[in-house]
Amino acid sequence: MTRAGFAAVIGAPNAGKSTLVNRLVGSKVTIVTQKAQTTRFLVRGVAMEGESQIVLVDTPGIFRPRRRLDRAMIRAAWTGAQDAEAIVHLVDAEAQLAAEAGQGKAADRLAAEDVRTVVEGLKKAGRTAILALNKIDRVRRDSLLGLSQTLFETGAYDEVFMISAADGSGVDDLKRRLAALMPEGPWLYPEDQSADLPQRLLAAEITREKLYLRVHEELPYSASIETTSFEDHKDGGVRIEQLVYVERESQRAIVIGKGGATLKWIGQAARADLAEILGRPVHLFLTVKVRENWAEERAIYRDLGLEFDV
Ligand SMILES: Nc1nc2c(ncn2[C@@H]2O[C@H](COP(=O)(O)OP(=O)(O)OP(=O)(O)O)[C@@H](O)[C@H]2O)c(=O)[nH]1
Ligand SMILES: [Mg+2]
């Protein structure tokens with residue numbers, strides 16, 4: 001008897017959702033950075049547990065939106081949750097504790113607000129979730145009980161797990177639980193497939209990850225990557241051309257860096273990662289372009305599977 005279904009991981013930006021999905025899948029299927037609002041669209045990864053197949057759905061963070069892209073991301077997150085058999089609400093325990101103690105940074109207070117938004121959204125949708133307190137490697141164990149009780153009292157959850165997506169603690173228990181929650185039925189993906197992102201899009205995501213890792217402070221959510229060419233190379237590898245869209249000339253200068261050094265770093269880091277993921281040599285060519293209104297262009301949303309009219 002096999003089982004298969006979808007488990008969506010939702011939560012505030014930066015809670016560790018993508019880290020958890022990669023951990024559950026056992027390989028890198030979705031990008032991770034220290035910057036909030038990294039994930040922009042639904043990314044699926046496939047985990048096997050015994051005879052169960054869990055299709056994990058990584059979602060963009062849920063937060064107070066300001067622009068069209070924000071709204072589209074949040075819409076995608078809730079759609080991912082609605083369509084899933086199981087929902088994991090991932091909460092950054094460190095940020096939540098700091099906010100509750102009134103000592104948090106602004107980002108912690110915002111994260112706590114976003115947690116309330118998720119709770120309200122779950123109630124409105126008439127769904128309950130698994131509460132997963134994350135980043136427990138960063139907090140005192142004895143502070144977690146109180147935190148889980150306070151959250152549990154909202155009525156939005158039917159169980160709680162305490163985990164560290166980064167070091168893996170508690171993740172196996174969560175995985176077994178998700179496996180048991182999957183409905184009986186045939187597997188949805190071949191057993192050996194772990195990701196389903198088209199390679200062009202995956203390549204664009206990897207470059208965006210390196211870009212964020214390198215210039216996360218100077219570049220506030222203003223970049224987008226498009227793979228414009230993806231072709232077999234005569235050496236058995238692949239030749240990839242990408243455009244890096246930014247909104248202003250000043251941002252272009254930042255991404256390129258002095259003497260091209262920043263762009264070179266980004267390109268080398270992306271190439272190395274991609275070569276490993278694709279299992280063949282990668283020749284990567286990046287060009288930075290100013291495209292002021294890329295975040296208001298319908299085609300970009302369509303390519304990412306996002307709704308434009310939100
Ligand atoms: N210490 C610690 N850091 C973690 C843990 N899980 C994730 N992180 C870090 O938290 C940051 C955000 O991780 P992501 O997985 O990108 O978070 P996310 O929820 O997907 O964020 P968005 O896509 O922006 O919504 C990264 O720097 C991770 O390395 C954890 O269990 N412990
Ligand atoms: Mg993410």
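Reckoned from all heavy atoms, side chains included, excluding hydrogens, waters and symmetry mates. Throughout, numbering of the chain's residues begins at 1 and tracks the sequence. Start at 1 and go down the list; that is how both ligands and their atoms are numbered.
Annotation: Asp137 places an N or O atom under 3.5 Å from an N or O atom of ligand 1; distance criterion only. Taking distance alone, with nitrogen or oxygen atoms compared against 3.5 Å, Ala165 approaches ligand 1 more closely than that limit. Distances between N or O atoms of Ala166 and those of ligand 1 include at least one value under 3.5 Å.
Counting backbone and side-chain atoms alike, Thr38 contributes no N/O/S atom closer than 2.8 Å to the Mg ion (ligand 2). Taking 2.8 Å as the threshold, Thr19 does not count as a candidate ligand of the Mg ion (ligand 2), since none of its N, O or S atoms lies below it.
Every atom of ligand 1 is numbered from 1 in the order shown, and the set under 4.0 Å from a heavy atom of Arg138 is 1 (N). Atoms of ligand 1 lying under 4.0 Å from any heavy atom of Ser164, numbered from 1 in the order shown and given with element: 30 (C), 31 (O). The distance from ligand 1 to the heavy atoms of Ala36 drops below 4.0 Å at these ligand atoms: 24 (O). Remark: ligand 1 atoms within the under-4.0 Å shell around heavy atoms of Gly61 are 25 (O).
One finds the CD atom of Glu205 at 4.0 Å from the CD1 atom of Ile31 (value rounded to the nearest 0.5 Å). The distance from atom CZ of Phe285 to atom CD of Glu241, rounded to the nearest 0.5 Å, is 7.0 Å. Once rounded to the nearest 0.5 Å, the distance linking CD1 of Ile256 with OG1 of Thr262 reads 9.0 Å. Taking CD1 from Ile54 and CZ from Arg176, the interatomic distance works out to 10.5 Å, rounded to the nearest 0.5 Å. Note: Glu159 CD to Thr128 OG1 = 9.0 Å, rounded to the nearest 0.5 Å. Here the CG-CG distance, from Leu56 to Leu20, works out to 7.5 Å after rounding to the nearest 0.5 Å.
Centred on the Mg ion (ligand 2), the OG atom of Ser18 and the OG1 atom of Thr39 lie at an angle of 90°, reported to 10°.
From the protein, the heavy atom lying nearest to atom 25 (O) of ligand 1 is Lys17 NZ, 2.8 Å. Scanning the protein for heavy atoms near atom 6 (N) of ligand 1, the closest one is Asn134 ND2, 3.3 Å. The single protein non-hydrogen atom nearest to atom 17 (O) of ligand 1 is Gly16 N, 3.1 Å, given as residue, atom name and distance. In this structure, atom 9 (C) of ligand 1 lies nearest to the protein heavy atom Lys135 NZ, 4.0 Å. Scanning all protein heavy atoms for the shortest distance to atom 12 (C) of ligand 1 gives Asn14 OD1, 3.1 Å. Protein heavy atom at the shortest distance from atom 29 (O) of ligand 1 is Val32 CG1, 4.2 Å. Here the protein heavy atom with the shortest distance to atom 27 (O) of ligand 1 is Gln34 CA, 3.5 Å. Annotation: atom 26 (C) of ligand 1 to nearest protein heavy atom, Thr33 O, 3.4 Å.
Taking 4.0 Å as the cut-off, Lys35 counts as a neighbour of ligand 1 on heavy-atom distance.
For Arg138, the CZ atom is loosely surrounded, since the number of other residues' heavy atoms within 6.0 Å does not exceed 12.
Contacts of Thr39 with ligand 1, taken as heavy-atom pairs under 4.0 Å, involve both backbone and side chain. When heavy-atom distances to ligand 1 are checked against a 4.0 Å cut-off, Gln37 comes that close only through its backbone atoms N, CA, C and O.
Cation-pi geometry between Arg200 and Phe230 is not met at under 6.0 angstrom from the ring centre and within 45 degrees of the axis.
Of the possible polar contacts, none joining the Asp58 side chain to the Val9 backbone as a donor-acceptor pair under 3.5 Å is found. Within the 3.5 Å criterion, the main-chain N or O of Trp265 finds no donor-acceptor partner in the side chain of Gln268. Distance alone, capped at 3.5 Å, is enough to place a donor-acceptor pair between the Lys35 side chain and the His216 backbone.
Under 3.5 Å, the side chains of Asp114 and Thr117 contain no donor-acceptor pair of N or O atoms.
Aromatic ring orientation, Phe152 versus Tyr157: tilted (interplanar angle from 30° to 60°).
Here atom 7 (C) of ligand 1 lies nearest to Thr19 when heavy atoms of Val9, Thr19, Ile163 are compared.
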